[in-house]
Amino acid sequence: MPRGLRLAFCVVVAAGLAWFHERPVSAQPGDPGRHPAGEHLYRRDCASCHGPAGEGTYRGVPLTDVGEASAHFYLSTGRMPIDDPYDEIRRRDPAYGEAEIGALVEFVGSLGSGPPVPDVADDGDVAAGGSLYRLHCAQCHGSTGVGVALAAGVTAPSVLHSTPTQVAEALIVGPGAMPVFTPAVLGDDETRAVVAYVDALQSGLDRGGHAMARSGRMDETLAAWGVGVLVMLVLARTIARRR
Amino acid sequence: MKLVARTRRAVDKAGKKIFPDHWSFLLGEIAMVSLFILFATGIVLAFFYDASGERTTYHGAYEPMHGVDMSRAYQSVLRLSFDVPAGLLLRQVHHWTALVFVGAIVVHAVRIFFTGAYRRPRRLNYLIGLTLLVVSISNGFLGVALPDDLLSGTGAQIGYAIALSVPVLGAGIAGVLFGGEFPSEEMVHRFWLIHVFAIPMLIVALFSLHMLLVWRQTHTQYPTDGPADEVVGSRLLPHHAIKTAALLLSMAAVLVGMGALLQINPVWEHGPFEAAAATVPAGPDWYLMFVEGGLRILPALHLELGPVEVPSPFVAGIVVPALVFGTLAAWPFVEERLTGDRGVHHLLERPRDRPGRTAFGVAGLSFLAVLTLAANHDYLGGVLGVDVMTMTVAFRIVLLVAPALLGVVAWRVARDLAEADPAPDRQGVGHEEAR
């Protein structure tokens with residue numbers, strides 16, 4: 001970072017801090033509720049791409065109306081922040097702790113009017129969720145949830161590591177190439193059902209032994225040859241040996 | 001009493017039959033034992049399978065599927081998997097055994113090819129074996145479709161498209177085989193009839209003929225120290241029979257172990273087939289991956305020859321398999337023409353003794369291997385971090401280069417090995433005629 005920019009950055013942060021000192025967060029009811037720690041983190045780690053007020057720059061999309069759901073999805077799955085706008089946006093270990101993520105999410109939410117972090121009750125109908133999952137999700141994420149590479153460099157990630165909240169957020173937000181599932185497509189009950197099914201996929205619909213890499217026919221082929229046929233050949237050699 | 005004595009004499013005589021001992025001669029027996037296990041498990045599965053496409057609502061032991069609309073076929077497979085004691089185990093053993101069965105046939109055929117065992121007088125038996133391979137692959141395809149789940153339904157849909165692509169006759173073939181336009185409620189019933197009656201009867205008939213001819217023509221063997229017209233090995237009774245029994249028992253143990261420990265085709269996760277839904281990564285069982293690979297990477301060639309239309313699946317779905325198996329069937333006859341050797345051969349050759357044949361075989365196998373890998377190009381692309389379209393182009397290049405390159409390498413290796421260690425000269429035709 002050039003010296004001048006660094007200086008400007010410090011000035012901005014200092015100004016922000018000073019501003020907050022004058023206006024404590026929990027001040028008045030009806031206030032958007034800007035969180036000082038959130039704003040501080042935002043200015044430090046996000047503003048250089050998304051703009052100081054979330055208005056977006058050529059390096060990053062506007063965050064004014066993405067809402068808390070989007071912020072929480074990208075931060076809690078470690079997809080954000082990235083060091084370079086050209087970095088691949090994929091699941092990583094989160095860069096922040098829970099409190100920091102909460103503060104950032106609250107701040108991004110205060111930038112405009114986006115959907116809040118969904119409150120997912122764990123009473124979804126698993127069977128209905130399975131049908132919806134196979135209809136809407138399995139064509140990219142796979143019926144076993146393992147995900148694959150799609151065309152044009154797009155990858156559908158595995159859903160096997162997502163929390164219920166993250167699944168619900170992904171449906172609202174439509175990260176990357178994923179479509180947004182509006183309430184007209186998936187209503188409240190249906191969203192809860194899909195979330196419940198993904199949770200069930202993670203916590204064990206496996207029967208009949210080790211599921212291997214869950215890549216279906218590819219695994220089965222490797223096991224059929226690497227275990228099945230190979231062991232048969234060894235058996236044949238052993239049995240045919242003359243004494 | 002006369003009958004008993006006569007039977008005893010016949011068994012005694014048969015028991016004295018000598019079988020050569022080389023381990024590679026057990027490869028066909030691996031396929032045979034797999035076939036027995038397929039019959040045994042398949043019969044039990046058939047008790048519980050309901051070959052009906054009629055719709056129903058599920059209320060069985062598997063809760064995540066409660067109230068879901070599905071075919072009776074799929075419902076019966078769920079019932080088999082979750083309500084019938086050891087049902088899932090039997091289903092998994094049956095499926096693993098099917099994969100190993102076709103694998104064993106292929107390995108057996110590779111041995112036959114590279115040692116020249118198909119030469120006179122065994123050309124007919126070679127063709128019977130090849131037919132067994134094609135018929136077994138077809139039955140695998142039908143069997144996989146029977147659960148009527150989302151993954152196999154996608155495969156059946158591809159099979160339907162391939163059948164439709166046959167010029168002029170396509171619609172007729174597809175209609176008869178699939179019971180009307182896809183998806184048809186008739187399909188699983190027809191597939192089931194072919195899978196459990198028609199093809200198994202054909203397999204039993206062809207296999208019996210295969211064995212009868214081996215018996216009558218005696219087994220081939222590698223050159224031995226003894227006279228060329230003498231089969232060296234173990235007697236059928238008791239030695240060889242004990243080996244077969246040992247193979248049967250140990251293979252059953254391994255296959256039941258695989259069925260118990262390794263999950264295969266979790267149809268309850270794939271869900272019931274629905275025309276609007278799809279799942280990834282999708283593909284057929286390994287023995288049809290070369291067709292799937294062709295469909296994925298070969299250029300789409302849609303021809304219109306006057307009134308006759310040839311849709312693009314025809315090349316990868318029909319032409320490529322027909323070329324593969326046609327070439328294999330024609331090979332013994334082509335080789336006779338090329339070498340001028342029309343003699344009878346009971347002694348096997350080593351791959352190095354015939355560099356040309358070896359090179360041809362290696363080229364053919366690598367062609368099939370590349371197509372097989374290409375059937376997984378989306379999954380491999382994901383693993384390598386390479387775009388699917390790039391993978392397609394790369395596979396096209398490899399498909400052209402690899403067979404030629406590996407064929408040349410095989411030819412040179414075989415020639416160098418043969419120079420270092422020439423074939424024994426007891427391969428003479430005259431000697432072998434004595435047998």
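Letters A, B, ... mirror the listed sequences (proteins, then strands); counts begin at 1.
Contacts of A:Cys140 with chain B are made by backbone atoms alone, with heavy-atom separations under 4.5 Å and no side-chain atom involved. Looking at A:Asp125, neither its backbone nor its side chain comes within 4.5 Å of chain B, counting heavy atoms on both sides. For A:Met232, the parts sitting under 4.5 Å from any heavy atom of chain B are the backbone and the side chain alike. At a 4.5 Å heavy-atom cutoff, the contact between A:Tyr197 and chain B is made by side-chain atoms alone. Interface residue A:Val229: backbone and side-chain heavy atoms are both found under 4.5 Å from chain B. For chain B, no part of A:Ala200 is nearby; none of its heavy atoms comes within less than 4.5 Å. Proximity to chain B (any heavy atom under 4.5 Å) is shown, for A:Ser215, by both the backbone and the side chain.
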Please step through salt bridge (Lys or Arg N to Asp or Glu O under 4.0 Å) for the pair B:Glu29 and B:Lys243, ending with a clear verdict.
-> CA-CA 10 Å; B:Glu29 287 199 25; B:Lys243 283 184 189 174; over 6 Å; no
Please walk me through it: do A:Arg192 and A:Asp123 pass salt bridge (Lys or Arg N to Asp or Glu O under 4.0 Å)?
-> CA-CA 7 Å; A:Arg192 273 187 291 130; A:Asp123 58 350; 2.7 Å; yes
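Residue B:Pro272 is tested with B:Val68, B:Val77, B:Asp148 for a side-chain contact (heavy atoms from CB on, under 4.5 Å); the sole match is B:Val68.
Of the possible donor and acceptor atoms, one in the side chain of B:Trp286 sits under 3.5 Å from a partner among the backbone N and O of B:Leu99. Side-chain atoms of A:His141 come within 3.5 Å of backbone atoms of A:Pro157 as a donor-acceptor pair (strictly under, hydrogens ignored). At distances below 3.5 Å, at least one donor-acceptor pair connects side-chain atoms of B:Ser250 with backbone N or O atoms of B:Leu247.
The choice from B:Asp69, B:Leu150, B:Asn265, B:Leu89 that makes the most heavy-atom pairs within less than 4.5 Å of chain A is B:Asn265. Comparing A:Thr155, A:Thr221, A:Val154 by heavy-atom pairs within less than 4.5 Å of chain B, the highest count is held by A:Thr221.
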